[in-house]
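First the structure, in the form of structure tokens, and then the observations on it.
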Amino acid sequence: MRLTLVQGDITEQQVDAVVNAANSSLMGGGGVDGAIHRRGGPAILEECRKLRASRYGRGLPTGQAAATTAGRLPARWVIHTVGPVHSAEQDRAALLASCYRESLKVADSLGAASVAFPAVSAGIYGWPLDDAARIAVCAVTAAHTDVEDVRFVLFGPDAYAAFEQAAAGAGPTDDEIMAVLAAQAGDHWRAAFETGDVGVLHELGAAVDLDWPLWRRITTVDVAEAHVSDAVRLAASIAGDARSGGPAADPDALRAVLDRLRRWYENEW
Ligand code: AR6
């Protein structure tokens, strides 16, 4: 997947799908939502009404996504997602990350190869730009998707700068993580995964450069079902916590990560 940053207006993007920072009602609003409905025309609202009359009678829940036509926009589809309102008391980063992951899942189900995202929640919903940018870039980088071209379309120079900085510090892609695994001879991993030695997590942690606290905030991964690269991210995050004197690793989480890595070695290598 290629990730690009553009400063501009999302309604003008020539992509298969544009993502709308909507609200649960799906009935329109200000910001990007207002711009998309204005330029796309009434066909979008009409399909939003149908979504409300069928699958989303109580509204689209925060962190989820659903598609409609893009009406008169250059794109084919609008993928509506509902970002969380920023809260100083509660960390809602996992919900914000979920908006990006779920939007990409919808894009996959449509067969969209190119998707444009705005900075979800970073406007009316009050999310501080730098944090919103880091969560967005990390969630997209770690997503497992067939979308080839992900474009962040930022409205002004401040948003563009925040995303540029976030992209510079983005975690490794799946391909980069698989290269780390492949760089070691098979016997090395077999020995390490079989002993269940925490040392192997440190080794993975040193090889995979990730923002550990951020990954911990946004991940909702069930390790047993996860792509092996996510098991490595979790391994690296556990090792990162240990290095920085953070909380001791939960033994069940450790075992789950090692089990997943062993299964990869035995069946998927
Ligand atoms: N193209 C790209 N980015 C834009 C555009 C545009 N045309 N217009 C605004 N932005 P916001 P939220 C930027 O407020 O915070 C609506 O009323 C904007 O500068 O659109 O998720 C909905 O109905 C900011 O950086 O979305 C909800 O009620 C980013 O897009 C609520 O606002 C997101 O700002 C959602 O709030």
Side-chain angles (χ1 to χ4, degrees), residues 3-42 44-49 51-52 56 58-68 70-75 77-88 90-104 106 114-137 139-140 149-167 218:
L3 210 154
T4 43
L5 308 181
V6 178
Q7 194 180 313
D9 182 339
I10 202 164
T11 63
E12 292 169 3
Q13 300 300 308
Q14 305 273 348
V15 282
D16 294 333
V18 297
V19 175
N20 180 21
N23 60 62
S24 283
S25 81
L26 295 176
M27 291 296 111
V32 187
D33 199 7
I36 284 176
H37 281 282
R38 247 189 331 273
R39 289 204 51 168
I44 301 177
L45 194 60
E46 209 172 289
E47 284 197 14
C48 283
R49 285 214 172 87
L51 285 173
R52 285 300 308 274
Y56 297 108
R58 308 170 87 176
L60 180 64
T62 305
Q64 295 193 23
T68 64
R72 293 195 294 262
L73 295 178
W77 298 285
V78 172
I79 298 173
H80 306 264
T81 190
V82 181
V85 175
H86 183 260
S87 157
Q90 197 186 32
D91 191 355
R92 300 176 177 162
L95 279 171
L96 182 53
S98 168
C99 289
Y100 291 95
R101 273 194 302 269
E102 293 301 314
S103 295
L104 289 172
V106 171
S114 54
V115 176
F117 281 101
V120 178
S121 288
I124 292 164
Y125 281 178
W127 209 290
L129 205 44
D130 288 343
D131 200 45
R134 287 167 59 240
I135 292 166
V137 170
V140 166
D149 174 11
V150 173
R151 202 178 296 179
F152 285 111
V153 183
L154 296 323
F155 212 34
D158 291 353
Y160 186 86
F163 273 73
E164 208 173 28
Q165 204 180 350
I218 70 172

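When a ligand or atom number is given, it counts from 1 through the structure's own listing order. From a predicted model like this one, the values you see are computed outputs, not experimental measurements.
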key: Heavy-atom closest contact (Thr68 atom, Glu47 atom, distance)   = CA-OE1, 3.3 Å

query = Taking the side chain as C-beta and beyond, is there a heavy-atom pair between Leu104 and Phe117 under 4.5 Å?
reply = yes

query = Who are the side chain to side chain contact (heavy atoms under 4.5 Å, CB included) partners of Thr62, not counting sequence neighbours?
reply = Val82, Pro84, Leu95

message = Heavy atoms only: which of Phe155, Phe152, Phe163 lies closest to atom 3 (N) of ligand 1?
response = Phe155

task = Give the single entry among Leu154, Leu96, Thr81, Asp33 that approaches atom 22 (C) of ligand 1 most closely by any heavy atom.
result = Asp33

query = Got Leu60 and Leu51 here, is their nearest side-chain heavy-atom distance under 4.5 Å?
reply = no

message = Students should be able to answer this: which protein heavy-atom is nearest to atom 31 (C) of ligand 1, and at what distance?
response = Tyr125 CE2, 3.6 Å

request  = Determine the interplanar angle of the Trp127 and His86 rings, folded into 0 to 90°, and report it as parallel if under 30°, tilted if 30 to 60°, perpendicular if over 60°.
outcome  = perpendicular

For residues 149-162, dump all side-chain donor-acceptor pairs below 3.5 Å to protein atoms at least two apart in sequence or in another chain.
{"unit_1": "Asp149", "atom_1": "OD2", "unit_2": "Arg151", "atom_2": "NH2", "d": "3.3"}
{"unit_1": "Arg151", "atom_1": "NH1", "unit_2": "Gln13", "atom_2": "OE1", "d": "2.9"}

request  = Could you say whether the N/O atoms of Ile10 and ligand 1 ever approach to under 3.5 Å?
outcome  = yes

query = Is Ser121 close to ligand 1, meaning an N/O of one under 3.5 Å from an N/O of the other?
reply = yes

Whether Tyr56 side chain and Pro61 backbone form a donor-acceptor pair below 3.5 Å = no

ask   = Do Leu129 and ligand 1 have an N or O pair less than 3.5 Å apart?
value = no

inquiry  = Could you measure the distance from the CG atom of Leu3 to the CZ atom of Phe163? Nearest 0.5 Å is fine.
reply    = 9.5 Å

key: Proximity winner for atom 28 (O) of ligand 1, if only heavy atoms of Val85, Leu26, Val120, Asn23 are counted   = Asn23

task = Look only at interatomic distance and state if Ile124 has a nitrogen or oxygen under 3.5 Å from any nitrogen or oxygen of ligand 1.
result = yes

query = Does the side chain of Val18 come within less than 4.5 Å of Ile36's, by heavy atoms?
reply = yes

note = atom 26 (O) of ligand 1: closest protein heavy atom, distance to 0.1 Å, is Ala21 CB, 3.6 Å

query = Considering only heavy atoms of Ala35, which atoms of ligand 1 have at least one such atom less than 4.0 Å away?
reply = 7 (N)

task = For Asp9 and ligand 1, answer yes if some heavy atom of the residue is under 4.0 Å from a ligand atom, otherwise no.
result = yes

key: Polar contact flag for Val32 and ligand 1 (N/O pairs, less than 3.5 Å)   = yes

task = With side chain to side chain contact (heavy atoms under 4.5 Å, CB included) as the test, would you mind laying out the steps for Gln64 and Ser98 before giving the verdict?
result = CA-CA 7 Å; Gln64 295 193 23; Ser98 168; 5.7 Å; no

remark   = of all protein heavy atoms, closest to atom 15 (O) of ligand 1 is Gly123 N, 2.8 Å

message = Is any side-chain heavy atom of Val32 closer than 4.5 Å to one of Asn20?
response = yes

remark   = Judged by heavy atoms only, the candidate from Ala116, Gly30, Gly31 nearest atom 16 (C) of ligand 1 is Gly30

request  = Give a yes/no on ligand 1: does Ala119 have at least one heavy atom closer than 4.0 angstrom to it?
outcome  = yes

message = Taking 4.0 angstrom as the limit and counting only heavy atoms of Gly29, give me the atoms of ligand 1 inside it, by number and element.
response = 17 (O), 23 (O)

query = Within 4.0 Å of atom 9 (C) of ligand 1 (strictly less), any protein heavy atom?
reply = yes

